[in-house]
> 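Pasting in a structure now, in structure tokens, and then I'll have a few things to ask.
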Amino acid sequence: MLQLFRNAQIPTALLVLGYLLLLGINTWLYPHPLVGQLDQLPSTLGQWLLHWLRHPSVNRFAFVGIVFIQALVLNAWVNQFRLAKSSSFVPAIAFIGLHFVGDAADICSPVVLGNCFVLWSLYELWSGGEKRASLGTIFNIGFAAALAALCYHGFVVLLLWVVLGWLLIRTFNAQEFILLLGGFGVPFFLMGTYQFVNDNLANWWQQEIVSHYTQWVAHYTVGHTWVISLGLVVLILLVALVQWRAIQFKTNDREKKAQQSVLLLSLIMGMSFLVQSQLY
């Protein structure tokens, strides 16, 4: 089946959409109750958007549209930075497939919205591998990651990835390091300022930030579905690690570092379970 997607021709994008729609039938046959509870998820920016997505049908269409665009954008960047052996739509297919591995991963949630900014941060990091990368690129790495954290608070672990990823692709520079951290801090400062102006700073800080990291509550059931989903994710990572030497064979130093940043992102994202008190 993958042979259908081993080219970079534009008409193949329609097959990618068909693949997404085929898997998306599951969301119509078995709607997840979490769609009606999106306002309970730990998100700041997401709450401004999710009230438009509470209707199950609207949520499904939004999910398909956002994930399809994300898949095409990621696929284009993988081809642009030559992170795969050849240009194809296989990265898009893999990205879409991961959204249907776990229970409740196929709905338009704060995590899906936050992934938009994760991809932006990833692109800026890859662009930062150039020797003459602008300071704006360095700033945007942290800025985009912070926006992802405001979409879903568990993404705060991206701060660690931002620092390690930057050290991976560039030599240490004090000015760039301060700019990187500043980029991550600006969205939180602006959000805090907005909440202060609306006389809601204390409530926002306590209800959406402090409580998220201090009161541990698990909003899921550890059953067969959960175990199978987690097992599939671990299996995918293990396959990637086993194939790691083959993936990096005959690639230049810049491409290797970009590939390593993706592996680093996957591992650090797993650490988000350690910093969330409310797990969904």
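Bear in mind the structure is a predicted one, so any value in this text is a computation, not a measurement. Any value given below was found using the heavy atoms of this structure, including those in side chains, with hydrogens, waters and symmetry copies removed.
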> Just so I know, are the side chains of N115 and V67 near enough to count as touching, which here means a heavy-atom distance under 4.5 Å?
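Side-chain contact under 4.5 Å: no.
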> Identify, with sequence neighbours excluded, every residue that meets salt bridge (Lys or Arg N to Asp or Glu O under 4.0 Å) alongside R82.
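For R82 there are no salt bridge (Lys or Arg N to Asp or Glu O under 4.0 Å) partners, ignoring immediate neighbours.
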> Within a strict 4.5 Å, meaning less than it, do heavy atoms of the F95 and L20 side chains meet?
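Answer no - side chains too far apart.
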> Do V233 and L98 come within less than 4.5 Å of each other through their side chains, counting heavy atoms only?
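The answer is no, as the side chains (C-beta and beyond) never meet within the 4.5 Å cut-off.
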> Are any non-hydrogen side-chain atoms of S109 and Y152 less than 4.5 angstrom apart?
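Side-chain contact under 4.5 Å: no.
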> Evaluate the criterion side chain to side chain contact (heavy atoms under 4.5 Å, CB included) for residue pair W126 and L83; output intermediate values, then yes/no.
CA-CA 10 Å; W126 291 347; L83 303 188; 3.4 Å; yes
> Should F61 and V64 count as side-chain neighbours, where that means a heavy-atom distance under 4.5 Å?
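Answer no - side chains too far apart.
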> Only counting residues at least two apart or in another chain, list the ones meeting side-chain hydrogen bond (donor to acceptor under 3.5 Å, both in side chains) with D253.
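Listed in chain order: K257.
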> Taking side chain as C-beta onward, heavy atoms only, is H99 less than 4.5 Å from L23?
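SC-SC contact between H99 and L23 ruled out.
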> Show, in sequence, the C-alpha distance, side-chain angles and deciding distance for L45 and L113, and conclude whether the side chain to side chain contact (heavy atoms under 4.5 Å, CB included) test is met.
CA-CA 9 Å; L45 293 178; L113 297 176; over 6 Å; no
> Under a 4.5 Å side-chain heavy-atom rule over Ile, Leu, Val, Met, Phe, Trp and Tyr, are L237 and L164 clustered together?
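In one cluster: no.
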> When you measure from the side chain of W244 to the backbone of V239, do you find a donor-acceptor pair of N or O atoms at a distance under 3.5 Å?
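It does not hold such a pair.
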> Give me the atom names and distance for the closest heavy-atom approach of C116 to I66.
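That would be SG-CG2, 4.0 Å.
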> Does L235 share a hydrophobic cluster with I228, counting links as ILVMFWY side-chain heavy atoms below 4.5 Å and allowing steps through other members?
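Not linked; separate clusters.
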> How long is the gap from CG on L159 to CH2 on W161, to the nearest 0.5 Å?
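Result: 11.5 Å between the selected atoms.
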> Return the minimal non-hydrogen interatomic distance between F155 and A148, and the atom names on each side.
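Answer, listing the atom of F155 first, then A148: CD1-O, 3.4 Å.
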> With rounding to the nearest 0.5 Å, note down the distance linking CZ in F184 to CG in L179.
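Reported to 0.5 Å precision, the distance equals 14.5 Å.
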> Can you name the side-chain contact (heavy atoms from CB on, under 4.5 Å) partners of P91, sequence neighbours left out?
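N75, V78, S88.
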> Under a 3.5 Å distance rule, please check whether N252 uses its side chain to pair with a backbone N or O of E255 as donor and acceptor.
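Answer holds: yes.
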> How long is the straight-line distance from CG of L135 back to CD1 of I178, given to the nearest 0.5 Å?
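Answer for the CD1-CG pair, I178 versus L135, is 11.5 Å.
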> At what distance, to the nearest 0.5 angstrom, does CD of Q80 lie from OG of S87?
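Reported value, rounded in 0.5 Å steps: 10.5 Å.
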> Provide the closest heavy-atom pair for A240 versus I247 in the form atom of the first, atom of the second, distance.
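So the two residues come closest at O-CD1, 4.1 Å.
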> How many angstroms lie between CZ in F89 and CG in L14, if you round to the nearest 0.5 Å?
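One gets 9.0 Å once the value is rounded to the nearest 0.5 Å.
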> Quick one: which residue pairs count as a side chain to side chain donor-acceptor pair (under 3.5 Å) with a foot in residues 177-197, not counting sequence neighbours?
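Non-adjacent pairs meeting side chain to side chain donor-acceptor pair (under 3.5 Å): Q195-N200.
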> Grab the two heavy atoms, one from Y19 and one from I93, that are nearest each other, plus how far apart they are.
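Shortest heavy-atom contact: CD2-CD1, 3.5 Å.
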> Do you know the tightest heavy-atom contact between S261 and L122?
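Smallest interatomic distance, heavy atoms only, reads OG-CD1, 4.2 Å.
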> Tell me the salt bridge (Lys or Arg N to Asp or Glu O under 4.0 Å) pairs involving residues 168-179, sequence neighbours left out?
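Listed by first then second residue: R170-E176.
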> Might you point out which heavy atoms bring A62 and C108 nearest each other, and give the distance in Å?
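For A62 and C108, the tightest heavy-atom pair comes out as CB-SG, 4.0 Å.
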> Less than 6.0 angstrom separating the ring centers of F172 and F177, yes or no?
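Yes: the rings meet the under 6.0 Å criterion.
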> Using only atom types and a distance under 3.5 Å, with no angle test, would you say the side chain of S121 pairs donor to acceptor with the backbone of F117?
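No; zero donor-acceptor contacts below 3.5 Å.
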> Could you check whether any side-chain N or O of Q70 sits under 3.5 Å from a backbone N or O of L119, counting only pairs where one atom can act as donor and the other as acceptor?
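Not at all, since once roles are kept as given, no pair shorter than 3.5 Å links the two residues.
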> Taking side-chain hydrogen bond (donor to acceptor under 3.5 Å, both in side chains) as the test, write out the residues that go with W120, two or more places apart.
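Residues passing side-chain hydrogen bond (donor to acceptor under 3.5 Å, both in side chains) with W120: E124.
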> Between L180 and V162, is a side chain to side chain contact (heavy atoms under 4.5 Å, CB included) present by the stated rule, with each step listed?
CA-CA 8 Å; L180 187 74; V162 161; 3.4 Å; yes
> Using side chain to side chain contact (heavy atoms under 4.5 Å, CB included), reason through R254 and I169 one step at a time and then give a plain yes or no.
CA-CA 8 Å; R254 179 184 174 186; I169 66 170; over 6 Å; no
> Please round to the nearest 0.5 Å and tell me the distance separating atom CG of L125 and atom OG1 of T137.
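Taking CG in L125 and OG1 in T137, the distance rounds to 10.5 Å.
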